[in-house]
Every structure is written in C-alpha cells, then in structure tokens.
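Quick notes on the structure that follows.
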Amino acid sequence: GGYLAYGARGLAKLIESLGPDTALTKESLLSLNGLLSNQETKLAAITHQAPPLVPELVVLLASPEEEIQRLAATTLGSLQLVYQGRVAAQQAGAVAALEGRVSE
C-alpha cells in the first residue's frame, strides 16, 4: 500500500513536519490521512516517538487554522479505529480536546 511506498522514514518525516508552518502542516496531515488506511500504518504512526503523533495532533486541534483543526481531528479519528490509538488518544487528552471543539 501507500505505507510501503513511503516507508517508516517517510511516515516519520510527515509527523516531524507538523508544527508552526501551516502550509506544510496541512500538506503533511493530508498525506498522513491518506496513509492511515491500514492497521500497520496506524500502529507505526501511533508508536512514533520523536515527536509522538497523538499529542501533536491534540495541540493542532487548537490551531487558529480551521482546516488544520479539521484535518487533525480526522487523523485522530482514524487512529482511534485501532485499540492502541484509543489508548494513546486517552493518554493525550484527545477526547476532552475534541469535545471542547464541538462545544465551541
């Protein structure tokens, strides 16, 4: 699938590029969402450590850019389709952050 074309390093580069550069972050989130179609890629993304993806996504939920918020929420939702993703989201406070977005 897409993961093999990108490989672990490509996935890591996408995760590492999330941050203050809004254009790059949008592009990286779009690419990440495309890659997260299978369990193997989801697990690789969840276990990536430097930086860990799920807490980074929680930070992006508070982005002033609405599209980044939406893409971060979509990515979190995709990761939570596997058990490890739900655990990581819970540890990162993702549910509270998402609920905060909905109630605004």
Side-chain angles (χ1 to χ4, degrees):
Y3 178 69
L4 296 177
Y6 253 87
R9 186 71 209 125
L11 186 67
K13 282 180 85 86
L14 286 174
I15 295 170
E16 288 158 16
S17 67
L18 300 175
D21 181 334
T22 54
L24 182 61
T25 295
K26 278 182 201 173
E27 204 175 296
S28 297
L29 284 169
L30 281 167
S31 297
L32 263 175
N33 277 321
L35 290 177
L36 294 176
S37 57
N38 65 57
Q39 197 166 345
E40 179 190 10
T41 312
K42 285 184 176 78
L43 293 175
I46 292 161
T47 55
H48 185 271
Q49 281 310 312
L53 175 58
V54 174
E56 188 66 33
L57 291 171
V58 172
V59 170
L60 292 174
L61 289 174
S63 168
E65 290 268 335
E66 209 170 295
E67 192 181 353
I68 288 179
Q69 290 177 20
R70 188 180 55 74
L71 289 167
T74 302
T75 307
L76 277 167
S78 178
L79 292 173
Q80 289 182 63
L81 294 174
V82 294
Y83 172 75
Q84 294 86 337
R86 291 190 291 279
V87 171
Q90 200 170 9
Q91 289 171 342
V95 176
L98 284 166
E99 286 171 351
R101 260 190 94 231
V102 172
S103 66
E104 282 174 8

### Query
P51 and side chain to side chain contact (heavy atoms under 4.5 Å, CB included): which partner among L18, I15, V59?
I15
Residues which pass side chain to side chain donor-acceptor pair (under 3.5 Å) with [X], listed by chain and number, not counting sequence neighbours:
{"X": "S17", "answer": "S28"}
{"X": "E16", "answer": "R9"}
{"X": "D21", "answer": "none"}

Going from [atom1] on [X] to [atom2] on [Y], what distance comes out if it is rounded to the nearest 0.5 angstrom?
{"X": "L53", "Y": "L60", "atom1": "CG", "atom2": "CG", "value": "9.0 Å"}
{"X": "L57", "Y": "S63", "atom1": "CG", "atom2": "OG", "value": "12.0 Å"}
{"X": "L71", "Y": "E27", "atom1": "CG", "atom2": "CD", "value": "11.5 Å"}

[X] versus [Y], closest heavy-atom pair with distance:
{"X": "A45", "Y": "L11", "answer": "N-CD2, 3.6 Å"}
{"X": "V54", "Y": "A92", "answer": "CG1-CB, 3.7 Å"}
{"X": "I68", "Y": "L29", "answer": "O-CD1, 4.0 Å"}

### Query
So, E66 side chain and P64 main chain: donor-acceptor pair closer than 3.5 Å or not?
no
### Task
Ignoring hydrogens and angles, tell me if any N or O in the side chain of T25 forms a donor-acceptor pair with the backbone of G19 under 3.5 Å.
yes
Side-chain donor-acceptor distances from residues 77-84 under 3.5 Å, at least two apart:
unit_1, atom_1, unit_2, atom_2, d
Q80, NE2, L76, O, 3.4

### Query
For L24, what are the other residues in its hydrophobic cluster, where any two members join if their side-chain heavy atoms are less than 4.5 angstrom apart?
none
### Task
Using salt bridge (charged side-chain N to carboxylate O under 4.0 Å, His left out) as the criterion, list what pairs up with K26, not counting sequence neighbours.
E65, E67
